[in-house]
Amino acid sequence: MQTIMPIEVLLVEDNPGDAQLTRIALEDSKISIHLNVVEDGVEAMAFLRKQEKYVEAAHPDIVLLDLNLPKKDGREVLAEIKADDNLKRIPVVVLTTSQAEEDILKAYNLSANCYITKPVDFDQFVKIVKSIENFWFAIVKLPPE
């Protein structure tokens, strides 16, 4: 019998409330999901490159990336991910509060796989996370490591 490995998700989110909402929304999933959370862009890149305390970190199948982060913002993180031959195939879903056209265009120009604006309403936020789960984890074939 084949063991099904969980989908490894890296959430890059500096707002503890949004991180918790994402965790709650994914908890009752029918799909096995392992959620890793880092709070800034520097930690995100260390995680992705398995540096420092992240040497044993799992390779994420997908990254959920906020844009407005401390230390290194999400735009810089996205640019670094997509410029790195070892990381560029990881789908990056930008999940942010910004509705600015400039941010949307920049994210897509940096090869974001999709751009989603976070709703402020709890039920809508959960609905968005469930939509991400349904599309990226149940429909899309994610690239192998």
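The figures here come from the full heavy-atom set of this structure, side chains too, leaving out hydrogens, waters and symmetry mates.
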_Stepwise side-chain contact (heavy atoms from CB on, under 4.5 Å) check, Ser98 with Tyr115_ = CA-CA 10 Å; Ser98 175; Tyr115 190 104; 3.5 Å; yes
*For salt bridge (charged side-chain N to carboxylate O under 4.0 Å, His left out), just list the numbers for Lys127 and Asp121, CA-CA rounded to whole Å, side-chain angles, deciding distance to a tenth of an Å, and then say yes or no.*
CA-CA 10 Å; Lys127 189 175 183 179; Asp121 176 71; over 6 Å; no
*Which is it for Ile62 and Leu10 under the side-chain contact (heavy atoms from CB on, under 4.5 Å) test, yes or no, and what are the steps along the way?*
CA-CA 6 Å; Ile62 189 167; Leu10 175 60; over 6 Å; no
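For His34 against Asn36, the heavy-atom pair with the smallest separation is CE1-OD1, 3.2 Å. Closest of all the heavy-atom pairs between Phe47 and Ala58 is CE2-O, 3.5 Å.
A heavy-atom distance below 4.5 Å is found between the side chains of Val77 and Leu65. The closest side-chain heavy-atom distance from Thr96 to Thr117 is not below 4.5 Å. Between Val9 and Trp136, every side-chain heavy-atom pair lies at or beyond the 4.5 Å cut-off.
With hydrogens and angles ignored, the 3.5 Å screen pairs no side-chain donor or acceptor of Glu43 with any backbone N or O of Asp40. Not one N or O on the side chain of Tyr54 forms a donor-acceptor pair closer than 3.5 Å with the backbone of Ala44. Checking side-chain atoms of Asn134 against main-chain N and O of Lys130 turns up a donor-acceptor pair under 3.5 Å. A distance-only check finds a donor-acceptor pair linking the side chain of Lys82 to the backbone of Ile90 [under 3.5 Å]. Between the side chain of Lys71 and the main chain of Gly41, no donor-acceptor pair closer than 3.5 Å is present.
Under the 4.5 Å side-chain heavy-atom criterion for grouping Ile, Leu, Val, Met, Phe, Trp and Tyr, Ile7 is not connected to Leu87 through any hydrophobic cluster.
For Glu80, the salt bridge (Lys or Arg N to Asp or Glu O under 4.0 Å) criterion is met by Arg49, Lys72, not counting sequence neighbours.
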Mind listing the side-chain donor-acceptor pairs of residues 17-26 below 3.5 Å, one per line with the distance, residues two or more places apart or on another chain?
| residue | atom | partner | partner atom | Å |
| --- | --- | --- | --- | --- |
| Asp18 | OD2 | Lys118 | NZ | 2.9 |
| Thr22 | OG1 | Asp18 | O | 2.9 |

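Glu52 CD: 12 or fewer foreign heavy atoms inside a 6.0 Å radius.
Results of the side-chain contact (heavy atoms from CB on, under 4.5 Å) test with Val63 over Val94, Val92, Leu95 single out Val92 as the only residue that passes.
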